[in-house]
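Notes follow the structure.
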Amino acid sequence: MRYAVVSDVHSNIEALDAVFATLRDDDALLCLGDIVGYGPNPNECIEKIRARATATVLGNHDVAAIDNFGLAYFNPAARAAMKWTQSVLSAHNLAWLDTLGYEFRMPEFLLVHGAPVNYFEYILDKAGAGRAFAATDAPIIFIGHTHIAEVYALHPDGSIHHEHLQLGGEIALADGVRYLINVGSVGQPRDLNPLSSFGFYDSAARTVTVSRVEYPIAQVQAKITAAGLPEALARRLQVGR
Ligand code: ZN
């Protein structure tokens, strides 16, 4: 089975379309949340994910869209974009977001937006990764949230190895090793690579591949401007931060 794993689409339909163009018909799709927020096409992104995904979990922006959760802690641009998102989201799409849960577990993997149990914690270092491994027995944990593609591997001796996947790359899954894999962000990458980021998990080949694909950034920037969303949200797409 091959799973495509996407996260942090953030209402960027051009980026999502570019990712979908790389999928095979028989790929299952897993979504780690933050479908909405920041970008100009929340309804279109929800409808695409909803039609294709096998499992989707909630991100903090999705929860904010539903009931203002955490909005007081959003930075001004994120908050302005969320207010705009709430004004355009259809009742139907909002109701669908409200059906989602915070985690999805299969025997070999766990999907959460930020971290196991503390769903919206930002895992930024080995200490955070260690807490995540301790909070679940899932062999593979897929996360997003920081918009930075990277992998932490917990070896049987307790050591944790870390690697950035800024340019993409393949991880050969080893027996007895557990993995915390951040697939990066489809719609707003922040690891200084503006290319859209997502992953493939091949359960038979025992590999996880992080891919980076081009999408028409200028087109999204024009839509952000036309919608009256903060200009900073357009600028950051160009530089991937
Ligand atoms: Zn996000």
Side-chain angles (χ1 to χ4, degrees), residues 5-16 18-19 29-46 48-49 53 55-86 89 93 97 100-104 111-116 118-124 128 132 141-150 165-166 180-199 210 212 215 217 220 224 229-230 232-241:
V5 190
V6 301
S7 192
D8 298 276
V9 173
H10 284 300
S11 304
N12 185 335
I13 193 70
E14 280 76 11
L16 186 61
V19 168
L29 181 74
L30 308 173
C31 176
L32 302 174
D34 275 7
I35 301 173
V36 304
Y38 298 127
N41 288 106
N43 286 305
E44 293 80 357
C45 290
I46 288 176
K48 272 240 151 102
I49 294 285
T56 302
V57 298
L58 284 165
N60 51 312
H61 284 253
D62 306 317
V63 185
I66 295 166
D67 67 1
N68 294 318
F69 170 86
L71 205 56
Y73 302 99
F74 276 35
N75 67 49
R79 195 180 314 129
M82 183 46 62
K83 291 287 178 198
W84 179 87
T85 299
Q86 289 172 328
L89 265 186
N93 285 334
L97 283 181
L100 301 175
Y102 290 96
E103 59 177 57
F104 178 81
L111 311 181
V112 287
H113 184 62
N118 296 311
Y119 299 115
F120 303 144
E121 180 186 343
Y122 291 90
I123 294 176
L124 300 167
I141 309 161
F142 287 107
I143 59 168
H145 199 34
T146 63
H147 301 205
I148 291 170
E150 57 189 345
L165 297 163
Q166 185 194 26
L180 176 71
I181 298 167
N182 192 321
V183 297
S185 169
V186 169
Q188 195 197 79
R190 292 181 194 159
D191 47 10
L192 303 179
N193 178 353
L195 301 184
S196 191
S197 184
F198 68 105
V210 167
R212 309 292 300 231
Y215 72 94
I217 291 175
V220 184
I224 287 173
L229 289 160
L233 298 177
R235 281 196 303 272
R236 69 187 307 175
L237 295 179
Q238 193 76 44
V239 285
R241 60 175 288 181

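Start at 1 and go down the list; that is how both ligands and their atoms are numbered.
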> Side chains of T146 and N182: donor-acceptor distance under 3.5 Å anywhere?
Replying inline: yes
> Would D8 and R190 pass as an ion pair if we require N to O under 4.0 Å?
Replying inline: no
> Relative to each other, are the rings of F120 and H145 parallel, tilted or perpendicular (30° and 60° limits)?
Replying inline: tilted
>> Using ring centroids (six-membered ring only for Trp), state whether Y102 and H113 fall under 6.0 Å.
In response: no
> Could you walk me through whether L32 and V5 pass the side chain to side chain contact (heavy atoms under 4.5 Å, CB included) check?
Replying inline: CA-CA 7 Å; L32 302 174; V5 190; 3.8 Å; yes
> What are the protein N/O/S atoms, named by residue and atom, that sit under 2.8 Å from the Zn ion (ligand 1)?
Replying inline: D8 OD1, H10 NE2, D34 OD2, H147 NE2
> Rounded to the nearest 0.5 Å, how far apart are OG of S11 and CG of L229?
Replying inline: 9.0 Å
